[in-house]
Amino acid sequence: MVGGGPAGLSLARLLQIKGADARVYERDRGRDVRVQGSTLDLHPGTGLEAIKRAGLLDEFYKHHRPAASKMLLTDRMMNVKFDESAFTEITAETRPEIDRAPLRDILLDSLQPETMVWDRHFVAMERTGDGWMLTFKNGATAYADLVVAADGANSRLRPYITDIKAVYSGVTMIEGNIYNAEKYIPQLFTFAKGGKVMAFDDEKFIGYGSKEDGSVMFVINFKADENWLSQSKIDFTDRDEVLAWFQKEFSGWSLGWQEFFTNEQVYFIPRPQYYFPNDQAWETQANLTMIGDAAHRMPPYAGEGANVAMQDSFELAEALTSNHFADLQSAISYYEKDMVKRGANATRETLDNQERMFSKDGLDQMTTFFNQVKDKE
């Protein structure tokens with residue numbers, strides 16, 4: 001596997017349980033690198049099923065965070081329109097949440113010694129004999145009989161499989177991360193009550209959530225042209241520039257949101273949101289395939305990306321280690337056909353949710369949606 005995210009690590013664990021030899025090549029220099037990203041809610045049948053098949057449910061529940069299931073929906077002035085706090089117990093059981101860092105640790109600790117190969121930033125690979133010779137940025141090389149691209153939305157391995165390009169969704173996100181959030185954004189930290197907040201108005205969306213390590217990740221989402229990032233000429237390392245943009249773009253929003261931008265610890269990552277077409281197809285190769293965002297990149301607006309990625313892991317592990325196929329290529333072909341369908345379904349759900357969230361009456365639609373979910377539970 002190239003890529004040590006939840007999908008790649010889950011696949012390595014599942015293959016090792018079946019007796020296969022697996023290595024994970026990860027560009028991070030070591031496991032102590034801070035893990036970015038929002039808290040994950042794992043769904044039955046997908047992400048949670050992967051943890052179950054990996055034999056890690058007990059460890060998972062030692063670290064899952066029921067409080068993270070608390071959610072407030074607000075308008076732009078921070079008036080609460082929906083409070084899911086009373087239903088936290090139900091949500092925590094059906095869609096248990098966990099921060100990415102402890103999830104990664106659980107998976108890492110489950111792997112055999114020497115499985116992880118750190119400081120391996122993939123550069124290129126070429127066919128060698130019946131396998132592949134991989135080359136990494138630090139000059140190291142590695143041979144593999146089978147390569148699985150698990151290197152995320154901007155996968156460098158995907159072009160070896162298909163030239164199908166991602167489609168811009170029409171929405172751009174600016175991600176921010178703040179450590180020691182109680183100190184640096186005290187009002188917003190308190191407002192979240194240890195859970196998450198989602199605010200909708202003006203066809204825009206602000207969201208944030210607290211994590212167990214005391215940090216907060218927030219996202220500022222808005223409709224924009226695909227080339228907005230280059231045309232805006234904003235220096236995202238300059239907090240004052242980003243704040244000036246926010247004050248103009250979100251001028252009618254509560255001043256309370258500006259706390260994100262006025263503390264000395266914040267840093268920003270602009271993320272235009274893309275997805276792969278639902279009708280994508282390619283010719284299956286005998287010893288190369290992909291999982292997760294490399295295969296079915298999608299915006300995060302339905303919480304499906306990591307879950308579908310982890311399902312990829314157990315579906316691929318099952319196909320590769322079963323005796324139902326004449327050869328490896330047949331197993332990969334079976335997996336890929338199913339994976340593409342599942343990815344397309346998740347992408348459609350995500351784009352439907354995106355349309356709902358960024359509509360003119362997005363807050364009303366999202367409030368109605370979550371009330372319906374609550375009533376079902």
Side-chain angles (χ1 to χ4, degrees), residues 37-41 43 46-47 71-82 84 91 95 153-154 164-175 196-209 217-229 231-232 246 249-250 252-253 257 269-280 292-293 295-309 311 340-377:
S38 61
T39 299
L40 298 173
D41 61 317
H43 303 171
T46 54
M71 182 180 65
L72 301 176
L73 295 186
T74 81
D75 62 16
R76 62 183 175 179
M77 299 308 295
M78 306 183 79
N79 298 309
V80 176
K81 301 298 181 180
F82 177 86
E84 200 184 31
T91 307
R95 302 189 302 273
N154 296 308
I164 297 172
K165 305 297 183 185
V167 179
Y168 179 58
S169 73
V171 172
T172 287
M173 168 194 298
I174 296 174
E175 174 187 323
K196 61 177 73 73
V197 176
M198 303 170 71
F200 302 93
D201 223 327
D202 300 333
E203 301 180 79
K204 299 168 185 171
F205 159 45
I206 295 177
Y208 71 100
M217 172 187 162
F218 66 90
V219 288
I220 311 298
N221 308 261
F222 53 98
K223 292 180 178 179
D225 292 337
E226 184 174 7
N227 56 1
W228 174 86
L229 190 57
Q231 289 184 343
S232 72
F246 180 80
E249 184 72 19
F250 288 75
W253 290 57
W257 300 112
I269 308 170
R271 298 190 186 279
Q273 295 300 303
Y274 288 84
Y275 63 93
F276 288 123
N278 288 335
D279 60 351
Q280 61 176 338
D293 289 348
H296 39 64
R297 178 180 187 175
M298 66 190 77
Y301 303 125
E304 289 292 341
N307 283 283
V308 179
Q311 182 174 1
V340 168
K341 290 179 183 177
R342 289 186 292 100
N345 289 337
T347 300
R348 278 190 288 269
E349 180 181 346
T350 295
L351 294 178
D352 287 346
N353 216 35
Q354 176 179 303
E355 184 176 355
R356 185 183 299 120
M357 294 168 75
F358 293 92
S359 63
K360 292 185 182 300
D361 60 344
L363 178 59
D364 290 339
Q365 288 205 45
M366 293 304 293
T367 302
T368 299
F369 173 79
F370 280 110
N371 273 314
Q372 290 172 344
V373 172
K374 177 191 70 176
D375 290 342
K376 288 180 182 178
E377 294 177 345

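As the structure is a computational prediction, the values presented were derived from the model and not from experiment.
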Can you tell me which residue pairs pass the salt bridge (charged side-chain N to carboxylate O under 4.0 Å, His left out) test with a partner in residues 355-368, sequence neighbours excluded? E203-K360

Which heavy atom of H43 sits nearest to which heavy atom of A302, and what is that distance? CE1-O, 4.4 Å

Distance-only side-chain donor-acceptor flag, N345 / R348, under 3.5 Å: yes

What distance do T74 atom OG1 and W253 atom CH2 have between them, rounded to the nearest 0.5 Å? 7.0 Å

For S38, the side-chain contact (heavy atoms from CB on, under 4.5 Å) test, sequence neighbours excluded, returns R100, M217

Which atom names give the shortest non-hydrogen contact between Y168 and P272, and what distance separates them? CE1-CB, 3.9 Å

List in chain and number order the residues that pass ring-ring contact (aromatic ring centres under 6.0 Å, His included) with F276, two or more places apart in sequence or in another chain; answer none if no residue qualifies. none

According to side-chain contact (heavy atoms from CB on, under 4.5 Å), who are the partners of A346, at least two apart in sequence or on a separate chain? M298, E304, V308

Smallest separation among heavy atoms of D41 and G303, with atom names: OD1-O, 4.4 Å

In short, M77 meets G252 closest at the heavy-atom pair SD-O, 3.6 Å

Tell me the closest heavy-atom pair linking G292 and A309, and the distance in Å. CA-CB, 3.4 Å

List for me each residue that meets side-chain contact (heavy atoms from CB on, under 4.5 Å) alongside D279, sequence neighbours excluded, and say none if there are none. P277

Is the backbone N or O of E349 less than 3.5 Å from a side-chain atom of N353, with the two atoms forming a donor-acceptor pair by type? no

Under the rule for ring-ring contact (aromatic ring centres under 6.0 Å, His included), what residues qualify as partners of F222, not counting sequence neighbours? W228, W245

Quick one: list whatever passes side-chain contact (heavy atoms from CB on, under 4.5 Å) with N221, sequence neighbours left out. V171, M173, F205, V219, Y301, F358

Those residues that, when tested against K341, pass salt bridge (Lys or Arg N to Asp or Glu O under 4.0 Å) (two or more places apart): none

By side-chain hydrogen bond (donor to acceptor under 3.5 Å, both in side chains), N79 pairs with (sequence neighbours left out) D75

ring-ring contact (aromatic ring centres under 6.0 Å, His included) partners of F246, counting only residues at least two apart: F250, F261

Where D293 and A153 come nearest, the two heavy atoms and their spacing: CB-N, 3.4 Å

With D202 via salt bridge (Lys or Arg N to Asp or Glu O under 4.0 Å) - residues at least two apart: R76

For side-chain contact (heavy atoms from CB on, under 4.5 Å), just list the numbers for I220 and K204, CA-CA rounded to whole Å, side-chain angles, deciding distance to a tenth of an Å, and then say yes or no. CA-CA 8 Å; I220 311 298; K204 299 168 185 171; over 6 Å; no

Test your reading of the model: is there a side-chain donor-acceptor pair from E84 to the backbone of L73, 3.5 Å cut-off? no

Output the distance between atom CG (L351) and atom CD (Q273), rounded to the nearest 0.5 Å. 10.5 Å

Evaluate the side-chain proximity of Y275 to T350: yes if any heavy-atom separation is below 4.5 Å, no if none is. no

What is the distance from atom CE of M198 to atom CG of L363, rounded to the nearest 0.5 Å? 10.5 Å

Identify, with sequence neighbours excluded, every residue that meets ring-ring contact (aromatic ring centres under 6.0 Å, His included) alongside Y208. F260

Output the distance between atom OG1 (T39) and atom NZ (K196), rounded to the nearest 0.5 Å. 7.0 Å

